[in-house]
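Only one structure is covered here, and it is reproduced in the block below.
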Amino acid sequence: MKPGHTLMKHYLQFKDLRAEEYAYLFERTRIIKTRFKNYERYQPLVDRTLAMIFEKASTRTRVSFEAGMYQMGGSVVHLTTGDSQLGRAEPVEDSARVISRMTDIVMIRTYEQTMIERFAAHSRVPVINGLTNEYHPCQILADLYTYIEQRGDIKGKVVAWVGDGNNMANTWLQAAEILGFTVHVSTPSGYEVDAQVAGIRNSDCFKVFKHPMAACEGAHLVTTDVWTSMGYEAENEERRKAFVDWCVDDEMMAVAQPDALFMHCLPAHRGEEVTAEVIDGPQSVVWDEAENRLHVQKALMEYLLLGRIG
Ligand code: CP
Ligand code: NVA
């Protein structure tokens with residue numbers, strides 16, 4: 001980290017940052033994105049190295065972190081379970097001690113949240129959650145930025161979550177509590193969100209609906225995710241049956257606000273959690289949402305390594 005920037009922060013859950021820090025990050029994202037679009041060089045992280053540890057597959061997270069770090073003048077090291085000692089039972093604590101002596105910031109995609117918490121507890125450098133079974137804060141950062149970019153402040157708005165009570169749903173709940181909006185959640189029975197797992201203090205930030213159509217009524221944003229997340233593949237057949245009515249379609253979008261947006265973190269399965277008409281339709285902003293992973297994460301790395309600029 002920059003000399004004098006002594007307060008080391010990790011980004012393991014959405015609630016690790018406060019509302020005013022999010023306001024700062026969204027403003028930095030706007031500036032960093034504009035410069036990038038204008039082909040203006042911005043390299044505040046020359047000689048800094050990002051270690052990326054992937055214990056699950058990725059396209060967006062890998063490309064956005066890797067490209068983002070190079071664009072800011074730094075470099076990256078890419079590790080997976082299969083090609084590192086992590087896959088041969090070296091303790092997470094020892095890996096954290098070693099990797100954090102050689103690099104400046106670490107991004108981890110893994111299974112249990114406890115793994116990144118153990119890593120962070122023994123790391124000398126900031127650790128970022130690039131997806132765990134419980135949370136996906138970098139994705140929600142991009143989703144929120146995309147909403148704000150297209151529609152303005154999200155405070156007081158309604159987000160409809162249709163589908164699994166998974167890592168994305170949990171992170172939406174944390175974001176709602178911090179930024180002051182409401183999530184209308186509809187999941188099949190047996191796949192509900194749990195306020196305790198989501199890590200929220202009170203349940204006022206979300207309402208549960210039995211039917212997905214009811215959750216979408218009046219929503220400013222409708223969003224969903226795959227029926228089966230990474231790590232749950234053994235439940236695939238059971239989930240395909242349970243989730244059959246949780247497919248975002250034109251009828252659901254029709255009961256949302258007329259200018260409602262549709263988002264999906266991707267990868268998507270057309271014909272399962274969303275119809276092709278919706279994801280490829282005029283209300284869908286999924287490509288901007290994916291692109292914004294790059295810009296928000298550059299702002300996040302800048303903030304964790306250099307603190308506030310100016
Ligand atoms: N949305 C997301 O995190 O995508 P990847 O799994 O491709 O990284
Ligand atoms: N919920 C999904 C998100 C993928 C980006 C998963 O965890 O597989």
Side-chain angles (χ1 to χ4, degrees), residues 11-14 50 52-69 76 78-81 106-116 128-147 159 161-175 183 185-188 191-194 197-199 221 223-236 238-240 242-243 246-248 262-270 272-274 279 284-298 300-301:
Y11 193 55
L12 307 183
Q13 303 190 30
F14 193 88
L50 164 71
M52 304 190 295
I53 301 172
F54 283 98
E55 300 204 285
K56 288 176 177 171
S58 169
T59 296
R60 280 143 287 270
T61 304
R62 163 104 193 249
V63 175
S64 55
F65 270 105
E66 187 158 340
M69 194 59 178
V76 298
H78 176 252
L79 295 168
T80 67
T81 317
V106 180
M107 188 287 307
I108 305 177
R109 167 168 287 196
T110 189
Y111 294 86
E112 281 83 29
Q113 181 73 12
T114 50
M115 184 275 188
I116 62 167
I128 297 173
N129 181 345
L131 182 145
T132 57
N133 290 347
E134 290 86 352
Y135 308 115
H136 198 2
C138 292
Q139 182 67 53
I140 300 300
L141 196 58
D143 295 6
L144 290 165
Y145 183 76
T146 307
Y147 186 87
V159 174
W161 176 265
V162 175
D164 194 14
N166 65 9
N167 44 10
M168 285 291 295
N170 290 337
T171 313
W172 270 115
L173 297 191
Q174 286 197 4
V183 186
V185 180
S186 179
T187 68
Y191 300 93
E192 293 85 357
V193 287
D194 176 332
V197 178
L221 165 62
T223 185
T224 186
D225 190 7
V226 289
W227 290 344
T228 304
S229 286
M230 291 181 280
Y232 298 84
E233 290 80 2
E235 301 172 13
N236 207 17
E238 206 180 308
R239 284 171 172 265
R240 286 171 80 87
F243 280 78
W246 278 261
C247 173
V248 177
F262 172 77
M263 289 191 198
H264 189 310
C265 63
L266 307 176
H269 298 86
R270 288 168 177 78
E272 292 191 7
E273 73 274 8
V274 60
I279 197 168
S284 173
V285 289
V286 297
W287 313 122
D288 291 317
E289 181 189 0
E291 178 192 322
N292 282 334
R293 289 289 301 277
L294 172 72
H295 309 301
V296 294
Q297 289 162 194
K298 285 165 82 174
L300 177 67
M301 290 193 285

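Counting starts at 1 for both ligands and their atoms, in listed order. These numbers come from a predicted model, not from an experiment.
Heavy-atom minimum distance, N292 versus T146: ND2-OG1, 2.9 Å.
With sequence neighbours left out, the ring-ring contact (aromatic ring centres under 6.0 Å, His included) criterion links H295 to F36. Remark: H78 engages F54 in a ring-ring contact (aromatic ring centres under 6.0 Å, His included) (not counting sequence neighbours).
T61 pairs in a side-chain hydrogen bond (donor to acceptor under 3.5 Å, both in side chains) with only one of the listed residues (R293, E66, K56, Q297), which is R293.
The residue N133 has no part lying near ligand 2, judged by heavy-atom distances below 4.0 Å. Looking at D164 against ligand 2, nothing comes within 4.0 Å, counting heavy atoms.
For atom 7 (O) of ligand 2, the nearest protein heavy atom (residue, atom name, distance) is N167 ND2, 2.8 Å. For atom 1 (N) of ligand 2, the nearest protein heavy atom (residue, atom name, distance) is D225 OD2, 2.6 Å. Given atom 8 (O) of ligand 2, the protein heavy atom at minimum distance is M230 N, 2.8 Å.
Inter-residue side-chain proximity for Q113 and L12 is flagged as met; some heavy-atom pair is nearer than 4.5 Å. The side-chain heavy atoms of L294 and F65, taken from C-beta on, include no pair separated by under 4.5 Å. In this structure, V193 and L173 have side chains that are in contact, with non-hydrogen atoms separated by less than 4.5 Å. Contact of the L141 side chain with the Y11 side chain is registered, since non-hydrogen atoms from C-beta on lie closer than 4.5 Å.
Proximity annotation for atom 6 (C) of ligand 2: of G163, S229, G130, C138, S229 comes nearest, heavy atoms only.
For ligand 2, the atoms sitting less than 4.0 Å from at least one non-hydrogen atom of L266 are 5 (C), numbered in the order shown with element in parentheses. Listed by atom number, the atoms of ligand 2 under 4.0 Å from L131 heavy atoms are 3 (C), 4 (C), 5 (C), 7 (O). Every atom of ligand 2 with a heavy atom of N166 under 4.0 Å away is listed here by number and element: 1 (N).
Residue pairs meeting the salt bridge (Lys or Arg N to Asp or Glu O under 4.0 Å) criterion with at least one partner in residues 223-236, sequence neighbours excluded, are E235-R239.
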Quick one: ligand 1 N/O to protein N/O pairs below 3.5 Å?
{"from": "ligand 1", "atom 1": "1 (N)", "to": "Q139", "atom 2": "OE1", "distance (Å)": "2.9"}
{"from": "ligand 1", "atom 1": "1 (N)", "to": "C265", "atom 2": "O", "distance (Å)": "2.9"}
{"from": "ligand 1", "atom 1": "1 (N)", "to": "L266", "atom 2": "O", "distance (Å)": "3.0"}
{"from": "ligand 1", "atom 1": "3 (O)", "to": "T61", "atom 2": "OG1", "distance (Å)": "3.1"}
{"from": "ligand 1", "atom 1": "3 (O)", "to": "R109", "atom 2": "NH2", "distance (Å)": "2.9"}
{"from": "ligand 1", "atom 1": "3 (O)", "to": "H136", "atom 2": "NE2", "distance (Å)": "2.9"}
{"from": "ligand 1", "atom 1": "3 (O)", "to": "R293", "atom 2": "NH1", "distance (Å)": "3.1"}
{"from": "ligand 1", "atom 1": "4 (O)", "to": "R60", "atom 2": "NE", "distance (Å)": "2.8"}
{"from": "ligand 1", "atom 1": "6 (O)", "to": "R109", "atom 2": "NH1", "distance (Å)": "2.8"}
{"from": "ligand 1", "atom 1": "7 (O)", "to": "T59", "atom 2": "N", "distance (Å)": "2.7"}
{"from": "ligand 1", "atom 1": "7 (O)", "to": "R60", "atom 2": "N", "distance (Å)": "2.8"}
{"from": "ligand 1", "atom 1": "7 (O)", "to": "R60", "atom 2": "NE", "distance (Å)": "3.1"}
{"from": "ligand 1", "atom 1": "7 (O)", "to": "R60", "atom 2": "NH2", "distance (Å)": "3.0"}
{"from": "ligand 1", "atom 1": "8 (O)", "to": "S58", "atom 2": "OG", "distance (Å)": "2.7"}
{"from": "ligand 1", "atom 1": "8 (O)", "to": "R60", "atom 2": "N", "distance (Å)": "3.4"}
{"from": "ligand 1", "atom 1": "8 (O)", "to": "T61", "atom 2": "N", "distance (Å)": "2.8"}
{"from": "ligand 1", "atom 1": "8 (O)", "to": "T61", "atom 2": "OG1", "distance (Å)": "2.7"}
{"from": "ligand 1", "atom 1": "8 (O)", "to": "R109", "atom 2": "NH1", "distance (Å)": "3.4"}
{"from": "ligand 1", "atom 1": "8 (O)", "to": "R109", "atom 2": "NH2", "distance (Å)": "3.2"}

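With hydrogens and angles left out, the side-chain atoms of H264 and E289 include no donor and acceptor closer than 3.5 Å.
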